[in-house]
Each structure stands twice: as C-alpha cells, then as structure tokens.
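FYI, side chains are in, hydrogens and waters are out, and symmetry mates aren't considered; it's all heavy atoms of this structure. This is a predicted model, so every value here is computed, not measured.
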Amino acid sequence: MPTPPQNPTDAASADTGVTGALENTAPAFSPLYQQIKTLILRSLQAGEWKPGDMIPSEFDLAARFRVSQGTVRKAIDALATDNLLVRRQGKGTFVSTHAEVHTQYRFLHVLPDSGTLEEQGPAERRIVECRRLRAPAEIARQLALRTGDAVLQVKRVLAFGGTPAIVEELWLPGGPFKGLTLETLSDDQGPMYALFETQFGVRMVRAQEKIKAVSADDDAATLLGVAPGYPLLSVERLAFTYNDEPMELRRGLYRTDDHHYRNELS
C-alpha cells in the first residue's frame with residue numbers, strides 16, 4: 001500500500017486523479033480537503049457505503065486519494081458536521097442513518113411542553129391514504145420534476161397518548177419510491193426516513209422549513225379532533241438527499257396546546 005504524502009500541496013500535484021476527477025465540478029481554488037470531501041460524498045451518493053456502514057480508515061482513504069491523513073481527517077470532520085458521517089470512539093467512522101436513536105428526531109422540532117420526546121414515547125401513526133398521481137405544477141416545481149410526472153401523495157396522523165397531534169401530507173417523486181404502498185407504510189414501525197433508507201436507498205441529508213400560523217380547515221379539524229378554525233402551526237418542509245436533490249415535500253399541521261416548536265441557533 002503506498003505511503004500517503006504528508007503535504008497537501010505535494011499531494012495535489014502528485015495526484016491527477018483527485019484534481020482530474022473534480023476539474024469539471026470544483027473551482028480551481030477549492031481547498032484540497034473540500035475536494036476530498038466531494039469525492040467521499042460521491043461515494044456515499046453512489047451507495048459504495050450505505051447508511052450504518054463503516055467507511056475505510058483515514059489511512060486507507062489517504063492512500064486511496066494520495067493525500068495526507070490530516071487532509072482526510074479535515075474532510076471527514078466537515079462531513080460529520082453535516083451529519084453525513086458519525087465518529088465512534090475506538091470503533092471508526094460510520095455513515096449516519098436515521099435508524100439510530102440520536103438521529104431519529106433530527107428533523108422534528110416540535111417538542112412536548114413538559115418532558116422530552118424520549119419520555120413522551122413514539123407517536124402512534126395512522127396512514128390515512130397513499131396514492132400515486134400526476135404531479136400538480138406547484139408540487140413538481142418544488143420537487144424539481146415536470147408537471148404531470150408520477151408522484152406519491154401520503155397522508156398520515158400522528159398521536160401522542162391517544163390524542164391526535166399532527167396531520168401530515170407528504171409528496172414524494174414516483175421514480176425513487178416505486179413500490180411504496182399504504183400497507184408498507186402501515187406495517188413499518190420505525191422512523192419513516194429509516195424506511196426510505198433501507199427499502200428505497202434514499203437518505204434525507206438536510207431540509208428547509210417554512211412556518212406560519214393557520215386555522216384548521218374542516219378536514220384537518222376532523223383528523224385532529226378539534227373545531228374548524230382552531231389555531232394550528234403549519235410547517236412545510238422540503239427535504240433533500242445527496243447533491244441537494246429535493247426528495248420530499250412535507251406539509252404538517254400541528255396542535256400546539258401542549259407542544260411547542262424549538263430551534264437552536266448558532
């Protein structure tokens with residue numbers, strides 16, 4: 001096995017594989033660790049290492065890309081900061097997965113007013129519908145599809161302690177989620193994003209949200225057990241997989257009589 005160069009500048013000039021592989025996608029001034037980060041990200045996107053897998057050691061990756069271990073370490077640190085990789089002391093570095101307990105609530109910011117999500121326990125889930133249809137123009141635009149492309153529309157209700165708390169409408173591109181059915185969703189008891197990973201090879205890596213106050217319409221009122229006009233929190237989330245590809249549009253209506261929205265800013 002070749003000994004990794006210890007000077008990132010020397011490595012960049014010694015290895016046309018790193019710079020050549022990126023010359024069409026990365027600017028010339030991109031730091032070397034960012035180039036290595038991009039190459040690792042490509043391997044994640046291609047499925048070389050799946051969620052939960054351990055990736056090669058820093059030494060092996062340094063030899064593979066012909067750069068210093070320090071450069072690889074910096075690239076891995078950046079991916080860990082992005083929640084794409086997770087370091088485990090004494091074990092190695094692993095691909096993050098939504099099946100892990102500490103990541104299950106990564107995209108859920110609505111918390112109980114008293115206690116924690118763990119103390120509250122998992123939500124009781126009821127899938128109201130799951131159907132395949134043609135994408136309306138506005139849905140297609142957000143999912144980077146063409147109007148009329150196949151999409152899946154899922155509606156579900158989440159309850160805590162027997163009290164309905166959230167009604168969600170999900171829009172998913174039809175291609176990546178071919179075979180997803182109401183029965184599949186109803187039978188699965190784990191996090192939905194973990195199901196997407198294991199059965200469809202789709203990992204959500206980041207999301208953006210829009211939040212506003214709304215009044216319950218007749219349908220939401222019925223599903224949540226409140227009166228029409230009841231105040232609700234509307235949360236619209238667009239979730240992305242690798243390479244910033246939009247993969248889910250989720251619209252949720254939340255009762256906030258005993259829950260609140262929490263976000264940490266830094």
Side-chain angles (χ1 to χ4, degrees), residues 1-109 191 193-194 196-198 200-209 238-248 263-266:
M1 179 178 294
T3 301
Q6 296 305 305
N7 188 310
T9 303
D10 292 342
S13 60
D15 176 35
T16 56
V18 172
T19 55
L22 293 164
E23 62 183 0
N24 294 324
T25 58
F29 55 82
S30 177
L32 186 56
Y33 86 91
Q34 288 281 10
Q35 298 181 43
I36 301 305
K37 176 185 175 183
T38 299
L39 290 177
I40 296 174
L41 184 58
R42 284 185 183 176
S43 292
L44 293 171
Q45 186 175 11
E48 180 177 350
W49 311 305
K50 293 180 171 52
D53 286 353
M54 183 173 68
I55 69 170
S57 68
E58 290 177 0
F59 180 85
D60 289 339
L61 288 173
R64 170 174 172 171
F65 298 128
R66 295 188 58 81
V67 297
S68 70
Q69 286 182 245
T71 298
V72 170
R73 185 175 303 115
K74 194 170 181 180
I76 290 176
D77 286 344
L79 290 165
T81 298
D82 292 340
N83 294 301
L84 300 181
L85 297 177
V86 57
R87 293 184 182 276
R88 294 178 184 162
Q89 188 66 32
K91 295 183 178 180
T93 301
F94 296 77
V95 182
S96 296
T97 170
H98 290 286
E100 295 179 11
V101 174
H102 73 280
T103 62
Q104 288 182 8
Y105 302 120
R106 179 181 161 201
F107 293 128
L108 181 61
H109 297 285
Y193 282 176
F196 291 170
E197 284 181 352
T198 56
F200 300 95
V202 174
R203 171 165 170 73
M204 305 302 183
V205 300
R206 74 174 187 90
Q208 58 187 33
E209 293 183 334
L238 186 60
F240 301 82
T241 186
Y242 297 114
N243 205 31
D244 277 347
E245 183 179 0
M247 198 57 65
E248 177 205 54
N263 198 12
E264 295 186 8
L265 304 178
S266 60

Closest non-hydrogen atom pair, [X] against [Y]:
X	Y	answer
Glu197	Ser96	OE2-O, 4.3 Å
Gly92	Met54	CA-SD, 4.2 Å
Ile40	Ala75	CD1-CB, 4.5 Å

If you round to the nearest 0.5 Å, how far is [atom2] of [Y] from [atom1] of [X]?
X	Y	atom1	atom2	value
Leu85	Phe94	CG	CZ	11.0 Å
Asn243	Thr38	CG	OG1	9.5 Å
Arg66	Leu61	CZ	CG	14.5 Å
Ile76	Gln69	CD1	CD	10.0 Å

Task: Selection residues 47-56 - residue pairs positive for salt bridge (charged side-chain N to carboxylate O under 4.0 Å, His left out), sequence neighbours left out - done: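 As it turns out, the salt bridge (charged side-chain N to carboxylate O under 4.0 Å, His left out) pairs with a partner in residues 47-56, which skip direct neighbours, are Glu48-Arg64.
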Open item on the list: Taking salt bridge (charged side-chain N to carboxylate O under 4.0 Å, His left out) as the definition, give me every residue that meets it alongside Asp77, ordered by chain and number, with sequence neighbours left out.
Closed with: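 Once residues adjacent in sequence are excluded, the partners of Asp77 under the salt bridge (charged side-chain N to carboxylate O under 4.0 Å, His left out) criterion are Arg87.
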Task: Non-neighbouring partners of Lys74 that pass salt bridge (charged side-chain N to carboxylate O under 4.0 Å, His left out), sequence neighbours left out - done: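 Salt bridge (charged side-chain N to carboxylate O under 4.0 Å, His left out) check on Lys74 returns nothing, list empty.
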TODO: Could you list the residues that satisfy side chain to side chain donor-acceptor pair (under 3.5 Å) with Glu245, not counting sequence neighbours?
DONE: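 Glu245 satisfies side chain to side chain donor-acceptor pair (under 3.5 Å) with no residue once adjacent residues are dropped.
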- [ ] For Thr71 and Tyr33, indicate whether the former's side chain and the latter's backbone hold a donor-acceptor pair under 3.5 Å.
- [x]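 No, because the side chain of Thr71 does not come within donor-acceptor range (under 3.5 Å) of the backbone of Tyr33.
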TODO: Compare all side-chain heavy atoms of Leu84 with those of Val95 and state whether any distance is below 4.5 angstrom.
DONE: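 No, their side chains stay 4.5 Å or more apart.
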TODO: Over 60° means perpendicular and under 30° means parallel, so classify the ring planes of Phe200 and Phe196, tilted if in between.
DONE: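 Taking Phe200 first and then Phe196, their aromatic rings stand perpendicular (interplane angle over 60°).
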Open item on the list: If the condition is side chain to side chain contact (heavy atoms under 4.5 Å, CB included), which residues does Gln208 pass it with, not counting sequence neighbours?
Closed with: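 Gln208 satisfies side chain to side chain contact (heavy atoms under 4.5 Å, CB included) with Arg206, Leu238, Phe240 once adjacent residues are dropped.
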